[in-house]
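Per chain, numbering begins at 1; letters A, B, ... match sequence-line order. Because only heavy atoms are used, hydrogens play no part in the values below, and waters and symmetry mates are left out as well, while side chains stay in.
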Amino acid sequence: MHKLTIPLSDEVVRELKVGDAVALSGTIVTGRDAAHKWMIETFIKKTREPRGDDLQVYQTLKPLLQGGAIYHCGPVVAGLDTGEYRFVAAGPTTSIREEPYQGDVMRHFKLKAVIGKGGMGAKTLAACQEVPAVYLHAIGGAATLIARSVQRVVGVYKMDFGVPEAMWVIEVQDFPAVVTMDSHGGSLHAEVEAASRAALEALLAS
Amino acid sequence: MRDLTDAFLELVRRAATDLPPDVEQALREAREQEEPGSAARSALDTILENVRLARENSTPICQDTGTPLFYVHHPEGWSTRALREQIRAAVAEATRRTYLRPNAVDSITGKNTGDNLGDEAFPTIHFEEVEGDELIVDLMLKGGGCENVGAQASLPDTRLGAGRDLEGVRKVVLEAVFKAQGKGCAPGVLGVAVGGDRGSSFLGSKEVLLRPLQDSNPNPALDELEQRLTQQANQLGIGPMGFGGKTTVLGTKIKGMHRLPASYFVSISYMCWAYRRRRMVVRGDEIAYS
Ligand code: SF4
């Protein structure tokens with residue numbers, strides 16, 4: 001078990017290998033489809049003018065994301081009426097939807113970890129090697145346990161995206177995950193698929 | 001007829017927050033099988049810890065609380081219309097209490113109803129009149145990730161060399177498990193229906209998942225195939241969450257159905273490790289849950 005604390009250094013990231021179990025602590029930010037599209041269009045490709053609180057949010061999130069982690073998660077949150085937010089259930093959502101954006105977001109913010117489920121593709125794997133960074137696979141369905149690792153909701157931005165899509169800044173303690181894509185070009189998803197394909201062929205022929 | 005809304009609410013709460021003992025037992029056994037220090041074992045540790053916490057805190061095991069599928073077996077004289085209303089009221093209340101996530105999305109407008117009440121198939125409620133004086137209600141919560149990796153094959157399939165026999169069934173089921181990889185939140189349980197038309201076949205593949213996990217099939221040929229499929233699916237090495245490992249499926253349940261001479265469907269429903277199903281039995285004034 002590797003204990004990781006944000007911000008992550010290049011050395012720590014390079015030590016991590018596919019298959020390593022980790023417990024992550026520190027401040028992380030949630031972001032899914034709307035957040036990734038917004039970051040790319042407004043600040044990276046700049047095809048859209050910043051408006052409203054865009055620049056302010058960018059300035060606030062930038063230092064958190066540098067050396068930090070983004071979590072693909074649409075949480076169930078209590079306390080929406082009082083503003084005393086609490087995460088009730090917060091398992092990972094499928095990551096592959098962010099494949100078109102993720103690599104550029106990682107390079108722009110110097111993101112060291114992307115957390116989700118199901119793994120990502122070649123563009124993200126290339127970014128993991130360059131930045132360097134890792135993909136951390138959270139345990140699908142472990143919603144109550146992961147919500148418990150969230151010690152505090154520090155803040156929420158872009159609430160106009162809706163609760164599941166908003167960018168929640170949270171403090172986590174020992175968030176459990178497994179490295180399934182590392183900074184050396186390793187992808188557990190590619191490995192397991194290839195090995196299981198060979199096993200399937202043998203079983204079909206038997 | 002008495003109002004069972006509160007009883008249904010309790011059934012939903014138990015299903016969403018308390019994993020059945022047979023499933024938890026299978027997950028524990030799976031954990032013992034995996035290598036100490038492996039990603040597979042650590043995934044199962046996390047899963048088991050999550051199951052414990054959800055039970056203690058009465059919070060959802062998984063944030064995707066799925067499609068609620070009710071199977072109602074009622075004696076003569078019960079009003080199915082009243083039962084339907086009570087079930088729907090209980091589902092809406094369970095959503096308010098965050099036992100369920102609002103999951104009913106209008107496919108045409110994209111709007112979420114916010115209370116899990118959609119059209120007549122959401123929640124899904126099957127009624128069947130039975131002998132005796134007990135009302136028996138089974139509830140299964142079937143999440144989206146695993147539902148998305150379900151499959152239906154029409155035999156023969158020349159690509160796989162799968163003919164219209166149990167050997168052909170074996171091949172298409174193994175291919176479905178391979179295609180699912182870890183995406184249905186493995187280790188899963190396979191519900192397989194052989195025969196039927198496309199619709200009844202898929203329904204059969206879900207109903208068969210109501211069987212206890214450790215039982216055996218009364219049909220010796222199907223029993224043998226169930227064991228063989230579980231064993232061979234595990235030889236694929238996909239493992240918990242697709243991390244690689246010895247446990248890809250916890251069990252296989254197969255049901256034979258009648259078919260047209262022209263058709264031979266094999267339907268596979270993949271149930272994720274969060275195999276949430278609970279039963280309620282009403283007899284006179286007594287209500288028991290299992
Ligand atoms: S497949 Fe099952 S465990 Fe996984 S996210 Fe969906 S409901 Fe939860």
Report summary line: Among A/Ala78, A/Ala142, A/Gly19, A/Ala138, the residue with the most heavy-atom pairs under 4.5 Å to chain B is A/Ala142

Query raised in the report: Is it the side chain or the backbone of B/Thr59 that comes within 4.5 Å of chain A heavy atoms, both, or neither?
Result: both

Report summary line: From the list A/Gly119, A/Ser206, A/Gly118, the residue making the most non-hydrogen contacts under 4.5 Å with chain B is A/Ser206

Query - Spacing of B/Asn50 atom CG and A/Ile139 atom CD1 [to the nearest 0.5 Å] - result: 10.0 Å

**Report entry** Side chain, backbone, both or neither of A/Ala90 within contact of chain B (heavy atoms, under 4.5 Å)
**Finding:** backbone

**Report entry** B/Asn57 versus chain A, the contacting section by heavy-atom distance below 4.5 Å
**Finding:** side chain

Query - Minimum heavy-atom distance A/Lys117-B/Lys183, with the two atoms named - result: NZ-O, 4.4 Å

Query raised in the report: Looking at B/Leu174, B/Thr248, B/Val177, B/Asp64, which has the largest count of heavy-atom pairs under 4.5 Å with chain A?
Result: B/Leu174

**Report entry** Least distance between heavy atoms, A/Thr180 atom then B/Phe243 atom
**Finding:** CG2-CE2, 3.6 Å

**Report entry** A/Thr93 portion near chain B, given a 4.5 angstrom heavy-atom threshold
**Finding:** neither

Query - Heavy-atom pair with the smallest gap, counting every atom of A/Ser196 and B/Ile238 - result: CB-CG1, 3.8 Å

Report summary line: Bottom line for B/Glu175: the part with an atom under 4.5 Å from chain A's heavy atoms is both

Requested in this report: With rounding to the nearest 0.5 Å, note down the distance linking CG in B/Leu160 to CG in A/Leu200.
Outcome: 8.0 Å

Requested in this report: Under 4.5 Å, counting heavy-atom pairs only, tell me which of A/His137, A/Glu191, A/His189 racks up the most with chain B.
Outcome: A/His137

Query raised in the report: Which atom names give the shortest non-hydrogen contact between A/Glu193 and B/Gln181, and what distance separates them?
Result: CA-OE1, 3.6 Å

**Report entry** Exceeds 12 heavy-atom contacts within 6.0 angstrom, atom CD of B/Glu32
**Finding:** yes

Report task. Please round to the nearest 0.5 Å and tell me the distance separating atom CZ of A/Arg148 and atom CD of B/Glu56. Result -> 7.5 Å

Query raised in the report: Quick one: does B/Met241's side chain get under 4.5 Å of A/Val178's, heavy atoms only?
Result: no

**Report entry** Spatial distance of atom OG1 (A/Thr144) from atom CZ (B/Arg52) [nearest 0.5 Å]
**Finding:** 11.5 Å

Query - Atom CD of B/Glu167 with >12 non-hydrogen neighbours under 6.0 angstrom - result: yes

Query raised in the report: With distance as the sole test, does B/Gln63 use its side chain to make a donor-acceptor pair with the main-chain N or O of A/Ala89 at under 3.5 Å?
Result: no

**Report entry** Under 4.5 Å from a heavy atom of chain B, the part of A/Arg197 involved
**Finding:** both

Query raised in the report: Given side chains that start at C-beta, do those of B/Leu236 and A/Leu203 come closer than 4.5 Å, heavy atoms only?
Result: yes

Query raised in the report: B/Phe178 versus chain A, heavy atoms under 4.5 Å apart: side chain, backbone, both or neither?
Result: side chain

Report summary line: So, the part of B/Ala54 with a heavy atom under 4.5 Å from chain A: the answer is both

Report task. Might you confirm whether atom CD of B/Glu224 has over 12 heavy atoms from other residues, nucleotides or ligands at distances under 6.0 Å? Result -> no

Report task. Please indicate whether B/Lys179 has more than 12 foreign heavy atoms, meaning atoms of other residues, nucleotides or ligands, lying under 6.0 Å from its NZ. Result -> no

